[in-house]
Amino acid sequence: MSTRIAFLKGHGTENDFVIVPDPENAIDLPPAAVAALCDRRVGIGGDGLLHVVRSAAHPEAEGMAAEAEWFMDYRNGDGSVAEMCGNGVRVFARYLQRAGHVTEGDLAVATRGGVKTVHIAKDGDVTVGMGRAVLPEGDVTVSVGERSWPARNVNMGNPHAVAFVDDLSHAGDLLSPPPFSPAAAYPDGVNVEFVVDRGPGHVALRVHERGSGETRSCGTGACAVAVAAARRDGADPTATGAPATYTVDVPGGTLVITERPDGEIEMTGPAVIVAEGEIDADWLEAAASA
């Protein structure tokens, strides 16, 4: 290993990420190392880490290499592996553009949640094809303190519980995972969104991201919220043939979510690279063994 390892820092609606380019999958990033890199005091700081690898070089993605050259090996801030991150895909695409691997227009990105289609617009916004939502049957409840609410179970390649509340302050501090029931609904934990209405087709959320705590934004969460809001409002594009579009305010900005008549969901929002530098390899090795 070289004595220095390149990294970048980026964010999408203030959901921020450490980016580690590693085309040949040569850098060992165990959970302890990822957690240290994402730590805002001892590391670089981020809600998660984007490990940029060619699909053909990663055992989890080599089967997608014919469709997508690049694999987003995404990790939560605590070092755990995650299936998908919507804001992360936008920042991942912005990095590929900055590095000269892609240009404006369409590209495909492999993730553990499948291959995602991405469009980089001339105005700077990035649109991600997020796939279809799955709405598992069964009642779910989430709680904060003495309050509890029914929640909509939505899977966007990762699990979400969407609860509509009267005031976003009812979500509490969101430092620890909000309790939910039944436990069998989310055996590996869940991302929990608390949602209020802002107007027709316009909602706002706060979110506890599994493995990261409260974050300033969650792309898959915004998609889950838009789907849950549409069903609550009596809209199902696959049944009506009319798309449903929601503006979703997150603490870090605004995302626009559209569910098309074919069930595919598109998310549009900004993606920014703010810095780049080098990680000391000796420090990373020590962090990995801590």
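As the structure is a computational prediction, the values presented were derived from the model and not from experiment.
- Contact check for Ile265 versus Met267: no side-chain heavy atoms found under the 4.5 Å cut-off.
- Under 4.0 Å is where a charged nitrogen must lie from a carboxylate oxygen, and between Arg4 and Asp282 no such pair does.
- Side-chain contact check for Arg98 versus Leu8: some heavy-atom pair is nearer than 4.5 Å.
- Membership of an apolar cluster is not assigned to Val134, as no side-chain contact below 4.5 Å to another ILVMFWY residue is traced.
- Residue pairs meeting the salt bridge (Lys or Arg N to Asp or Glu O under 4.0 Å) criterion with at least one member in residues 115-141, sequence neighbours excluded, are Arg132-Glu264.
- Taking CG from Asp106 and OG1 from Thr117, the interatomic distance works out to 7.5 Å, rounded to the nearest 0.5 Å.
- Under the 3.5 Å distance criterion, the side-chain polar atoms of Ser212 are matched with a main-chain donor or acceptor of Asp47.
- Within the 4.5 Å cutoff, no side-chain heavy atoms of Gln97 are placed close to those of Thr103.
- A salt bridge links Arg75 to Asp73: one of the charged nitrogens lies within less than 4.0 Å of a carboxylate oxygen.
- Across all their heavy atoms, Leu49 and Tyr74 have their closest contact at O-CD1, 3.3 Å.
- Residues that satisfy the side chain to side chain donor-acceptor pair (under 3.5 Å) test with Arg198, not counting sequence neighbours, are absent from this structure.
- Ionic pairing of Arg232 and Asp197 is present here: one or more N-O contacts between side-chain nitrogen and carboxylate oxygen are shorter than 4.0 angstrom.
- At least one donor-acceptor pair under 3.5 Å links the side chain of Ser55 to the backbone N or O of Ala68.
- A salt bridge links Arg206 with Glu214: the closest approach of a Lys/Arg side-chain nitrogen to an acidic carboxylate oxygen falls below 4.0 angstrom.
- In plain terms, the two heavy atoms of Ala288 and Ala32 that are nearest each other are O-CB, 3.8 Å.
- Contact check on Arg112 versus Glu83 returns no salt bridge, with no Lys/Arg side-chain nitrogen under 4.0 Å from an Asp/Glu carboxylate oxygen.
- Salt-bridge check for Arg54 with Glu69: passed, with a basic side-chain N closer than 4.0 Å to an acidic carboxylate O.
- The line from NE2 of His58 to CD of Glu24 is 12.5 Å long, rounded to the nearest 0.5 Å.
- Its side chain within the 4.5 Å cluster rule, Val165 clusters with Val140, Val142, Val144, Trp149, Leu168, Leu174, Phe180, Tyr186, Val190, Val192, Phe194, Val196 among the Ile, Leu, Val, Met, Phe, Trp and Tyr residues.
- Put simply, CG on Asn158 and SG on Cys85 are 8.5 Å apart, with the number rounded to the nearest 0.5 Å.
- Scanning both residues, Val115 and Ala108, for their nearest heavy atoms gives CG1-CB, 3.8 Å.
- Under the 4.5 Å side-chain heavy-atom criterion for grouping Ile, Leu, Val, Met, Phe, Trp and Tyr, Leu50 is not connected to Ile44 through any hydrophobic cluster.
- Val34 is not listed as a side-chain neighbour of Val18, based on a closest heavy-atom distance of 4.5 Å or more.
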So Glu285 and Asp28, side chain to side chain contact (heavy atoms under 4.5 Å, CB included) or not? Walk me through it.
CA-CA 9 Å; Glu285 184 176 357; Asp28 186 26; over 6 Å; no

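- Nearest heavy atom pair, residue Thr141 against residue Ser148, reads CG2-CB, 3.9 Å.
- Considering every non-hydrogen atom in both Val126 and Ala271, the closest pair reads CG2-CB, 4.2 Å.
- Expressed to the nearest 0.5 Å, how far CZ of Arg210 lies from OG1 of Thr215 amounts to 13.0 Å.
- The local environment of CG in Asp262 is crowded, with over 12 non-hydrogen atoms from other residues, nucleotides or ligands closer than 6.0 Å.
- Val52 and Phe7 are not part of a single hydrophobic cluster, where members link through side-chain heavy atoms under 4.5 Å apart.
- In this structure, Val195 and Val162 have side chains that are in contact, with non-hydrogen atoms separated by less than 4.5 Å.
- No hydrogens or angles considered: a donor-acceptor pair under 3.5 Å links the side chains of Ser80 and Asp78.
- Considering every non-hydrogen atom in both Lys9 and Ile19, the closest pair reads C-CD1, 4.3 Å.
- Formation of a donor-acceptor pair under 3.5 Å by the Asp280 side chain with backbone atoms of Trp283 is found in this model.
- Not a single donor-acceptor pair under 3.5 Å links the side chain of Arg152 to the backbone N or O of Phe164.
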Could you please spell out the steps behind the side chain to side chain contact (heavy atoms under 4.5 Å, CB included) verdict for Asn87 and Phe17?
CA-CA 9 Å; Asn87 288 319; Phe17 309 95; 4.0 Å; yes

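- The shortest side-chain heavy-atom distance between Arg216 and Val250 does not fall under the 4.5 Å cut-off.
- Between the side chain of Asp167 and the backbone N or O of Ser169 there is at least one donor-acceptor pair closer than 3.5 Å.
- Asn15 CG to Arg90 CZ: the interatomic distance, rounded to the nearest 0.5 Å, is 8.5 Å.
- Other residues sharing the hydrophobic cluster of Val272, ordered by chain and number and joined by side-chain separations under 4.5 Å: Val274.
- In this structure, the separation between CD on Glu209 and CD on Glu193 is 8.0 Å, given to the nearest 0.5 Å.
- Ile273 and Val128 end up in the same hydrophobic cluster when Ile, Leu, Val, Met, Phe, Trp and Tyr side chains are linked at under 4.5 Å.
- Between Leu107 and Val109, the closest side-chain pair of non-hydrogen atoms falls below 4.5 Å.
- Thr254 and Asp249 are linked by a side-chain donor-acceptor pair at a separation below 3.5 angstrom, with hydrogens and angles left out of the test.
- For Ser289 (side chain) and Ala286 (main-chain N/O), a donor-acceptor pair under 3.5 Å exists by modelled atom type.
- When side chains are defined from C-beta on, Leu255 does not count as touching Thr268, because their heavy atoms never get closer than 4.5 Å.
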Report the C-alpha distance between Ile120 and Thr127 in whole Å, list the side-chain angles of each, state the deciding distance to 0.1 Å, and finish with yes or no for side chain to side chain contact (heavy atoms under 4.5 Å, CB included).
CA-CA 7 Å; Ile120 302 174; Thr127 297; over 6 Å; no

Can you list the steps and then say if Ile5 with Ile27 is a side chain to side chain contact (heavy atoms under 4.5 Å, CB included)?
CA-CA 9 Å; Ile5 298 167; Ile27 301 172; 3.5 Å; yes

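- Tyr246 and Leu135 fall within a single hydrophobic cluster, where Ile, Leu, Val, Met, Phe, Trp and Tyr are joined by side-chain heavy atoms under 4.5 Å apart, directly or via other members.
- Judged as a side chain to side chain donor-acceptor pair (under 3.5 Å), and not counting sequence neighbours, Asn191 has no contacts.
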